[in-house]
Protein chains: 2
Amino acid sequence: MKHKVVIIEDNIPLSEGFAEIINHTDDFEVVNRYSNCEDAIDNLTYDNPDVYLMDIELPGINGVEGTKYIKKALPKANIIMVTVYENSDIVFDALCAGATGYLTKNLKPDELIDALKETIAGGAPMSIKIAKMVVNSFQKKPSKIELSKREKEVLIQLSEGNSYDSIADKLFISKNTIKFHLKNIYIKLQVNSNIEAVQKANKENLL
Amino acid sequence: MKHKVVIIEDNIPLSEGFAEIINHTDDFEVVNRYSNCEDAIDNLTYDNPDVYLMDIELPGINGVEGTKYIKKALPKANIIMVTVYENSDIVFDALCAGATGYLTKNLKPDELIDALKETIAGGAPMSIKIAKMVVNSFQKKPSKIELSKREKEVLIQLSEGNSYDSIADKLFISKNTIKFHLKNIYIKLQVNSNIEAVQKANKENLL
DNA sequence: AAAAAACCTACCCAAAAGGGTAGGTTTCTC
DNA sequence: GAGAAACCTACCCTTTTGGGTAGGTTTTTT
């Protein structure tokens, strides 16, 4: 049994090209092609493919919203975004929406097939630049702000929802000392409330 | 000029195997091999390789800490983790530490070379499972908690560091209403302070 | 040994937040 | 058109925070 692929792409020549490539393989076949999400969504359970190839820029519902919808209806569906966009926001939006992989449209036939195979094998095919972007997103650049050990402890306790009183108890220091550290933290972090301090510390990875 | 590779791996046969494979290519050569991070760190600027292949489990400084150190000294260094661990914490720790890629040790010679090439091309080589893990980490599963529109607005304002008074002004409602919504939010989120509410809302992606 | 950071404590006061009760309107759903 | 849910407001009072001053000790750096 071949793995079923559905293509959602409004550029018909491109869509046909993909289908051509896929239908020449032994493992995959294109069971349907759509030029918009709406039509694809109407036939979700009928098509029930192993993999969707999804364009992002589509008339009507765009690829990211379409991905969310399909994922809600068919949580096990694999959706590979195939698009020209390498803008980071769009990439991350697509991944957050539930995309399994993300390829750019300049891909070679081999790469398309490899991506399909990787998807079936439980992987997440990505083009080189995208993979790099994704990995980079983990690399939090160190903040220039330096908190002392004690200040970090206080902030961690605070972030866990403790009041100054209970933090004082836990750290065996007085509430006044907690406030003293907080004041310094606010200055270092350029904020003036505990909420902002906790959020900024989280954002800058200070804890 | 061949691209320079340094291997940090305490399993000598494995290290030799990698070197053998790499030295048989036209594009890469192993300029040094170490069985611990300390020795590698001593020769950072002397070796100055294009790519490090780094084991995680090493005597002394482990691969993740070593990666942090090397990245600090040589920010442009490409460090590929090569390890048996597929535990998610370790993978993400390594990526956060600055690893360029992450491969598992059962890789084939071709895959190793491909990974090196991908690295030089500015990519982030990952084995299939790792790529999937990384992509999955973006897919925030929707929380079962539902906040009303107004509650979200209040929480967003709060997360931006505004006081109840200024939130009241911005939303054209009274401070009492702010407090009313907050009370309901605390119940829904099972917390009892604004800090916790903001943090939980962020974590659960409610805003 | 001197200087600089980091750490600790106490006190004061004003502002902000938490928790409770008690009412009302608007909007959507059945 | 009844009921539910979301939304809104006003009180009350207690606790918690923020911001200030003014001192001290310990630890690290120069």
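So you know, we letter chains A, B, ... as the sequences are listed, proteins then strands, and number each from 1.
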side-chain contact (heavy atoms from CB on, under 4.5 Å) involving A/N136 - partner list, sequence neighbours excluded: A/K132, A/Q139

Distances under 3.5 Å between nitrogen or oxygen atoms of protein and nucleotides 14-16 of chain C:
{"unit_1": "C/dA16", "atom_1": "OP2", "unit_2": "B/D165", "atom_2": "OD2", "d": "3.4"}

Protein-nucleotides 19-28 of chain C N/O pairs under 3.5 Å:
{"unit_1": "C/dG19", "atom_1": "O6", "unit_2": "B/K179", "atom_2": "NZ", "d": "3.2"}
{"unit_1": "C/dG20", "atom_1": "N7", "unit_2": "B/K183", "atom_2": "NZ", "d": "3.0"}
{"unit_1": "C/dG20", "atom_1": "O6", "unit_2": "B/K183", "atom_2": "NZ", "d": "3.2"}

Residue list, ring pair (Phe, Tyr, Trp, His ring centres under 6.0 Å) with A/Y186, at least two apart or on another chain: none

OP1 or OP2 of D/dT9 under 4.0 Å from side-chain N/O of B/T177: yes

N/O donor-acceptor pair under 3.5 Å between B/D47 side chain and B/P49 backbone: no

Which donor-acceptor pairs under 3.5 Å do side chains of residues 86-95 of chain B form with protein atoms, sequence neighbours excluded?
{"unit_1": "B/E86", "atom_1": "OE1", "unit_2": "B/K129", "atom_2": "NZ", "d": "3.2"}
{"unit_1": "B/N87", "atom_1": "OD1", "unit_2": "B/D89", "atom_2": "N", "d": "2.8"}
{"unit_1": "B/N87", "atom_1": "OD1", "unit_2": "B/I90", "atom_2": "N", "d": "3.2"}

All N/O donor-acceptor pairs, side-chain side in residues 113-124 of chain B, below 3.5 Å, sequence neighbours left out:
{"unit_1": "B/T119", "atom_1": "OG1", "unit_2": "B/A115", "atom_2": "O", "d": "2.7"}

Sequence neighbours excluded - side-chain hydrogen bond (donor to acceptor under 3.5 Å, both in side chains) pairs with any residue from residues 6-15 of chain A: A/E9-A/K105, A/S15-A/R33

Between P of C/dA6 and CG of A/L171, the distance in whole Å: 18 Å

Touch class at under 4.0 angstrom, heavy-atom based, for B/N194 against every strand present: sugar-phosphate

Pairs touching residues 188-197 of chain B that satisfy salt bridge (Lys or Arg N to Asp or Glu O under 4.0 Å), sequence neighbours left out: B/E151-B/K188

Sequence neighbours excluded, every pair satisfying ring pair (Phe, Tyr, Trp, His ring centres under 6.0 Å) that has a member inside residues 46-90 of chain A: none

